[in-house]
Colleague: 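One structure follows; several queries about it will come next.
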Amino acid sequence: MDFLHAIQANLLSPPILFFALGVIAALVKCDLKFPETLYVTLTIYLLVAIGFKGGAAIAEAGMAKVWLPALAAVLLGALIPLWCYPLLKKVFGFNAADAAAIAAHYGSVSAVTFIAASNYLKSLGEPPEAYASAFLAVMESPAILIGVLLGKRFGTPGVSSVPMREILHEALFGRSIFLLLGALAAGFLAGKPGLEATAGFFVTPFQGVLTLFLLELGTVAGRRLADIRQSGPRLLIFGTIMPVIHGFIGTGIGAACGLSIGGTALMGTLAASASYIAAPAAMRLSLPEANPSLYLTASLAITFPFNITLGLPLYLGFARWWISL
Amino acid sequence: MDFLHAIQANLLSPPILFFALGVIAALVKCDLKFPETLYVTLTIYLLVAIGFKGGAAIAEAGMAKVWLPALAAVLLGALIPLWCYPLLKKVFGFNAADAAAIAAHYGSVSAVTFIAASNYLKSLGEPPEAYASAFLAVMESPAILIGVLLGKRFGTPGVSSVPMREILHEALFGRSIFLLLGALAAGFLAGKPGLEATAGFFVTPFQGVLTLFLLELGTVAGRRLADIRQSGPRLLIFGTIMPVIHGFIGTGIGAACGLSIGGTALMGTLAASASYIAAPAAMRLSLPEANPSLYLTASLAITFPFNITLGLPLYLGFARWWISL
Amino acid sequence: MDFLHAIQANLLSPPILFFALGVIAALVKCDLKFPETLYVTLTIYLLVAIGFKGGAAIAEAGMAKVWLPALAAVLLGALIPLWCYPLLKKVFGFNAADAAAIAAHYGSVSAVTFIAASNYLKSLGEPPEAYASAFLAVMESPAILIGVLLGKRFGTPGVSSVPMREILHEALFGRSIFLLLGALAAGFLAGKPGLEATAGFFVTPFQGVLTLFLLELGTVAGRRLADIRQSGPRLLIFGTIMPVIHGFIGTGIGAACGLSIGGTALMGTLAASASYIAAPAAMRLSLPEANPSLYLTASLAITFPFNITLGLPLYLGFARWWISL
Amino acid sequence: MKLVTIVIEELARSTVERALQKIGVHGYTVFPVEGSGAKGQRIGDTPESGNLQFQIIAPEDRATELMEHARKELFPHFAVIVYETDVRVLRPEKF
Amino acid sequence: MKLVTIVIEELARSTVERALQKIGVHGYTVFPVEGSGAKGQRIGDTPESGNLQFQIIAPEDRATELMEHARKELFPHFAVIVYETDVRVLRPEKF
Amino acid sequence: MKLVTIVIEELARSTVERALQKIGVHGYTVFPVEGSGAKGQRIGDTPESGNLQFQIIAPEDRATELMEHARKELFPHFAVIVYETDVRVLRPEKF
Ligand SMILES: Nc1ncnc2c1ncn2[C@@H]1O[C@H](COP(=O)(O)O)[C@@H](O)[C@H]1O
Ligand SMILES: Nc1ncnc2c1ncn2[C@@H]1O[C@H](COP(=O)(O)O)[C@@H](O)[C@H]1O
Ligand SMILES: Nc1ncnc2c1ncn2[C@@H]1O[C@H](COP(=O)(O)O)[C@@H](O)[C@H]1O
Ligand code: NA
Ligand code: NA
Ligand code: NA
């Protein structure tokens, strides 16, 4: 009952409604194409805003509270590919490069899923810790590095030798990671007065901008729905089961770190989410032999919609259960 | 006296001032070119915002209040081309394709004129019904369909056979129509809480965004002013007289439906306005033999400026008169 | 002591932190490229917002208060190139065209420096006169005209004969000048009610937008840092010493005109700032024989960062000193 | 192998794409441009005044067919130019 | 018929357009590009570092005239390259 | 002189730039395009589905080298086409 209500509250929230609208636009082939510039701009805005607010929150809360769950988040992100990779290879039958690339995506995280989860939890009166974007920020890179190493180690050798230096650079200074970490640092330095001075831009319109972005992301995901059929049921199964498992583990770890219900649910959401900005760019550079339509379809067309619709209420349920233990 | 004051209040409002500034920029050949991306983005924002707010308002007001005037709006939109077409052909001497295309533009509506009218009416203390954007949403397509049918029926046969399926698709799922109707539906489902959560984006900056957009639209209209001379006085006459007639009829219908003074004036403005986004795209696809510079000049360089400067106070005057009967 | 504190307050403000972040992004070669469209859009927004607010402020204050300091600003802008030109030629060894072009940049002004200064002064409780953007608006063109005349008069003759009419047009109707003056006029006509109606867009998010823009400008400046080494130490010396001298003169004039401490510091900042939007475009058209990488590096990669970090507190110090006389 | 270039107004996009499909051309590249010509300036401040450049690589016979189609279906109604260049492609079997 | 391509910095736009008008060329296509060359990278993060590609179809004599003009007026001051390709156009009388 | 054109997915940008550097090509022009081909549509709604067109002018031998490199390093992994056109450049010593 409560769970159904939580799902309904989520499905009727503006961001999810507009995501659905975007999917519909793609399905009915409405010529609603957002310029790539707008996509890039909205992404920058969301990353900067979330990072900046998170940094200011860390300054408020003090590093003492943040370091333990942040460290747990890093470890979780780095470990996820280590079980996803053999699973993808042995059970789901992907080749080494594809398995490594997909594994990297699921160890890494999706900022937009994070934001949607924060909104959702706030609207239900379970606000996560304000400094939680620190977890988001530190969870992006580790899995990407592990994934690349797996692919290089077990993949076909000799193919396209990108220097390791460049791969590291991409994993650590990729656009989205840099923006998130940089804005976090800026927020930490500027503190509360800095946040207040810019709240009219970074806070007031935030939810609405997210709503518009999800409309756009809906069209993007919708156009890739056809790819699901092509790639067969194994992607669909992996892309909906793994988030649930990772969400369960992630909430367990969040609870063990002493986070609030909201924070715990958010940690679960991060674990469950799959990257679709940082990871694809890094993989295309570092593991070009992996098929991009596999990992993009999985993270963007399957796991993202699953997480923001059914996943969020589920992970909140997990969080409540772990904390009630 | 009162009328002059109403005109003055309108002319000194920021949107109109910036529209004038844009026209001046074009006339003095200032290199103020807005990127097309910005134009598209601002259009999306305005359509989504107006639709979403309208949908939430319908949810508040209930369909019982909305259906009658909305039905009247549909009929009005569908009928306008039926008298414009013969008039354009017989009296103004346009050929069948051009007459059909122009007729479609004047039966359809301009969202920006609608928004400018809402602002204007609110600022004068005559706010229209908040659900009035429903009228806007349902009035875009019918005239386009009628116009295409007229052009196909009476135009040169054999030319460029676009399948009817595609024409229907464009008229019903064109970008602007889809956004407006979709946002309306989303607003209806999300209701007041959804609107409140996103008000910092869809409400707070709305008037200012409109102001910026009108600066851009001013440059667009200004660049087309030269076309007026080329196309002769008949466009100028049609483009200023018909809005007045349609405004008079539209306010009459609004009053008959029991709308408030603001709502009645708005219905008149819709009838008077000519589409410059949805209709041109549909006509270029469906009636390529019609000359686009005719209908674009008429709707964008003549009727739009006329409506937002002199038209709005006039239609308010009509509304007061009809309701005073 | 007080000075160090003023510097620190400035360095930890969000716009400066994000500027630094942008510089870092460029230095570590993060692929954080903002689309040119975004740059153009943010520029338009900032110019329109600052002009509009300034115009409304003039309407409040009355022209009687504005004309004297505005006239002084025009004269100052026109005179600066007259001493910069010989200095650049004789002391710094630039050729006639380069000297004229650089001189024009330093006589003209930087809107973003102006905005950063206004924010900074407000945050320290020394708000400048709200109508001060009038000074910004009138100070852009004069130096550009003087610079072009100097270059034409003393430069190699016969080269690329751009008609004088076009040069005047660019100096008076260049994009940024037109926007600023036009928005000023619109603000003057719309007055306080117009500003209030659009405050949700032109005021509320303003500081945050500036912050985002400075992130972008940081990447732009950071990419040009390498050019400093190429152009040798003379640009570095000119680009950091002249602002201080101009800042000192400008604050003197501001104080003499009876401006407040904030207004005086702002007048000094304008004198110290160098144009990097209007002047480069005008110079590339009118004096194509001048080397653009010299004046762009000087104004954007040297003087701009200098002004917004160390310059602002310095000019505030100057202002206090002059007014204390 | 031939490279056929079509510069045409943006609102004709779906019309061109339909034509390509009909002729059996599945590969093409397209990007927005500005332009000036007999039918005035296309400055691209709005989609209505936008311009697109299509580039299609095809074997000679299909290229000729495409150009014939353009002559018949596009020239009467749109602001458009069409031209052809000789190119040497890698993997010609692909086109 | 010739296709003349000019890649040049964005701030030279009006200079090029004036030149085209002077020579009597009324048709052209232009779009923003990024580039790298002897005068450094033109990444287009601002208009000052932007780059444009002009494409002009013209008969041989006018094309030659245009290239000569570019050599004299554009090469000394701007980051620019100019090259020429043979093309076959539909409706050659149009150019 | 040859003009080599490479149409390739946007995420391969740094891979191509590295290749150009390795071969010793310092001048090139590049711009975003949309496209359709054997590997599906590249509509450019996100960087992941974006497409770039590189244009490189080079003497014949270097052009051949570049195309060979593309065949070996780019074709196996990316959605890409490569073709070559004859051009006449001003200032050939520059390339
Ligand atoms: N001589 C030309 N060279 C290059 N592009 C041209 C030329 N003439 C026309 N175009 C392009 O083709 C479009 C349509 O041409 P038109 O139908 O002559 O207006 C223009 O907007 C230009 O983009
Ligand atoms: N070899 C080349 N191939 C293609 N484009 C080039 C080449 N060299 C230069 N360019 C273009 O021409 C512009 C100016 O070149 P440059 O004057 O050499 O810096 C560059 O920004 C590039 O866009
Ligand atoms: N026949 C063609 N003509 C022009 N461009 C093409 C053609 N085929 C493919 N392309 C371009 O090359 C890209 C990659 O092609 P593909 O690997 O076949 O998907 C496409 O996205 C198009 O931009
Ligand atoms: Na994850
Ligand atoms: Na109408
Ligand atoms: Na100055």
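Predicted, not measured: the structure shown is a model, and the values here were computed from it. Proteins get letters first, then strands, A, B, ... in listed order; numbering begins at 1 in each.
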Colleague: With a 4.5 angstrom heavy-atom cut-off, could you sort out which part of B:P35 is near chain C: side chain, backbone, both or neither?
Modeller: side chain
Colleague: Please evaluate residues C:E129 and C:K65 with respect to the criterion salt bridge (Lys or Arg N to Asp or Glu O under 4.0 Å), reporting the C-alpha separation (whole Å), side-chain torsions for both, the decisive distance (0.1 Å), and the verdict.
Modeller: CA-CA 10 Å; C:E129 284 75 4; C:K65 282 193 185 161; over 6 Å; no
Colleague: Select one option (side chain, backbone, both, neither) describing which atoms of B:T211 are under 4.5 Å from chain C's heavy atoms.
Modeller: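 Looking at B:T211, just its side chain touches chain C.
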Colleague: Give me the ring orientation class for C:Y295 and C:H105: parallel if the planes are under 30° apart, tilted from 30 to 60°, perpendicular past 60°.
Modeller: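 Rings of C:Y295 and C:H105: parallel, as their planes differ by under 30°.
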Colleague: Counting only non-hydrogen atoms closer than 4.5 Å, does C:A185 touch chain B with its backbone (N, CA, C, O), its side chain (CB onward), both, or neither?
Modeller: neither
Colleague: Checking heavy atoms, do the side chain of C:I44, its backbone, both or neither come under 4.5 Å from chain B?
Modeller: side chain
Colleague: Quick one: does NZ or CZ of B:K53 land under 6.0 Å from the six-membered ring centre of B:Y131, within 45 degrees of the ring axis?
Modeller: no
Colleague: Any idea which of B:L12, B:L210, B:V203 has the most non-hydrogen atom pairs under 4.5 angstrom with chain C?
Modeller: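 Looking at each option in turn, the highest pair count goes to B:L12.
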Colleague: Using a 4.5 angstrom heavy-atom cutoff, name the option from C:G187, C:A199, C:G182 with the most pairs to chain B.
Modeller: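 Of the options given, most contacts go to C:G182.
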Colleague: So among C:L136, C:L184, C:V112, C:L179, which one has a side chain to side chain contact (heavy atoms under 4.5 Å, CB included) with C:L47?
Modeller: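 The side chain to side chain contact (heavy atoms under 4.5 Å, CB included) with C:L47 is passed solely by C:L179 among C:L136, C:L184, C:V112, C:L179.
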Colleague: Test B:F114 against B:S133 for side-chain contact (heavy atoms from CB on, under 4.5 Å), laying out the working first.
Modeller: CA-CA 8 Å; B:F114 172 88; B:S133 31; 3.9 Å; yes
Colleague: Is there a donor-acceptor contact under 3.5 Å from the side chain of B:T113 to the main chain of B:V109?
Modeller: no
Colleague: B:T37, B:I16, B:V28: which one forms the most heavy-atom pairs within less than 4.5 Å of chain C?
Modeller: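 Looking at each option in turn, the highest pair count goes to B:V28.
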Colleague: Look at the side chain of B:N10 and the backbone N and O of B:Y120, then say whether any donor-acceptor pair between them is shorter than 3.5 Å.
Modeller: no
Colleague: So for C:Y45, is it side chain, backbone, both, or neither that comes closer than 4.5 Å to the heavy atoms of chain B?
Modeller: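 No part of C:Y45 comes within 4.5 Å of chain B.
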Colleague: Could you look at B:L215 and say if it's the side chain, the backbone, both or neither that has a heavy atom under 4.5 Å from chain C?
Modeller: side chain
